[in-house]
Amino acid sequence: MIARRLVFWSCLAILLIMCLVDAKSQIAFFTPGQTILDTDGNPIKAFAGGISYFNGTYYWYGEFKDGTFPTAAIVVYTSQDLLNWKYRGSIVPGLHEGELAPYVSVERPHVIYNDRTKKYVMWVHPENQEYNLGLTGVFVSDSPTGPFTLSGIFHDRGPDGGGPFNDDNRDQSIFKDDDGKAYHIFSSHKNNGLVISEMSSDYLRPSGHSIDVGVVCEAPTVFKRNGVYFLLRSECSGFGFNDNKYATADSMLGKWTDHGILAQGPNSANTFSTQVTEVVKVRGKKDAYVFVGDRWKEPLDKTLDIFLPITFTGARTLAVYWKDNWDIDSAFNK
Ligand code: GAL
């Protein structure tokens with residue numbers, strides 16, 4: 001009898017400890033500037049990436065750096081709350097083999113879902129060691145966690161398919177609009193231009209319709225709020241930092257109006273030492289958008305990603321302020 005009781009109480013104690021450990025390992029706050037650990041306790045390495053939302057889950061795609069190739073792998077993490085991320089592994093098998101061998105660097109992965117073809121489509125920027133290819137790569141998958149297979153590698157051309165520009169495609173992002181149309185947004189003309197190019201309806205190629213916003217640019221990313229399109233971008237300083245800027249427009253291929261620097265307040269110089277990579281719309285909250293920037297650090301696998309809430313100061317104006325510690329409920333409790 002005593003032995004049985006001992007076993008019972010021991011089991012209960014172990015269960016309690018397991019619950020406490022689990023509760024403790026849940027991350028409850030963003031702590032910008034500190035390493036973000038995944039649910040296995042490893043630092044997250046998904047740099048210069050994009051965060052998508054599919055069927056109730058956030059997917060964080062990014063460049064995994066480990067010192068072998070500039071992009072050792074394209075990886076994805078998943079989360080329900082933007083704080084606790086589970087590592088789901090590399091999503092492009094054979095990234096540096098076969099026809100993908102020339103591309104040591106495969107930058108800025110972003111994924112959208114095509115409702116008609118029922119495929120997840122990823123656009124990236126494949127590069128060689130010399131950094132003189134300036135290409136666009138498109139991959140497809142039946143699942144948001146891959147495996148993704150190559151659909152095509154090409155140059156997305158400048159305004160309306162040509163013109164007097166170099167047609168290099170460098171830092172890039174993609175954006176799917178509410179009407180199902182999708183766009184490729186990329187630095188071009190040796191980073192002296194920013195092209196927005198509408199995709200074909202299957203999201204696998206450019207449609208041929210594009211504009212050049214005409215600004216110096218790296219790391220572009222677009223989101224939409226109350227019918228207004230916001231385009232955030234950095235200037236060009238490699239893995240250094242600069243004052244990132246933003247513009248707005250009433251349509252993706254319309255006229256963009258520049259609004260200047262996005263980071264405001266104390267410590268905001270050089271965008272708090274980050275380079276924008278994404279803006280995430282928080283689901284289940286009104287008017288909640290999160291800025292995500294890379295704080296590049298050599299060796300590059302020591303880079304940190306910084307999450308900060310966006311404050312809207314008008315229908316077309318925003319600001320990002322530094323916070324050492326914050327959470328979604330308090331930041332967007334309006
Ligand atoms: C950065 C760019 C990165 C990467 C890097 C290479 O400016 O945003 O995506 O291309 O330069 O030096």
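Numbers here simply count residues along the sequence, with the first being 1. Just follow the structure's listing: the first ligand is 1, and inside any ligand the first atom is 1. Only a predicted model underlies this, so the values are computations on that prediction, with no experimental measurement involved.
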Chemist: Taking ring-ring contact (aromatic ring centres under 6.0 Å, His included) as the cut-off, I'd like each qualifying pair that reaches into residues 283-318, sequence neighbours left out, listed once.
Modeler: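 Of all non-adjacent pairs touching residues 283-318, those that pass ring-ring contact (aromatic ring centres under 6.0 Å, His included) are F30-F307, W60-F307, F223-Y289, F230-F312, F239-W296, Y289-F312.
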
Chemist: What does the 4.0 Å heavy-atom contact list look like for ligand 1?
Modeler: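 For ligand 1, the residues that come within the 4.0 Å heavy-atom cutoff are E107, R108, Y131, D171, E218, G238, F239, Q275.
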
Chemist: Would you check if there is a donor-acceptor pair between the side chains of R316 and T257 at a distance under 3.5 Å?
Modeler: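 There is no such pair (donor and acceptor under 3.5 Å, judged by atom type) between the side chains of T257 and R316.
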
Chemist: According to the salt bridge (charged side-chain N to carboxylate O under 4.0 Å, His left out) rule, which pairs have a member within residues 146-156, sequence neighbours left out?
Modeler: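 Listed by first then second residue: nothing to list.
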
Chemist: Could you note down all residue pairs passing side chain to side chain donor-acceptor pair (under 3.5 Å) where residues 38-58 supplies at least one of them, sequence neighbours left out?
Modeler: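 Found T57-Q80.
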
Chemist: For the rings on F54 and Y59, is their centre-to-centre separation under 6.0 Å?
Modeler: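 Under 6.0 Å, so yes.
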
Chemist: Just by modelled atom types, is the T71 backbone N or O under 3.5 Å from a matching donor or acceptor in the H96 side chain?
Modeler: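 Between the backbone of T71 and the side chain of H96 there is a qualifying donor-acceptor contact (under 3.5 Å).
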
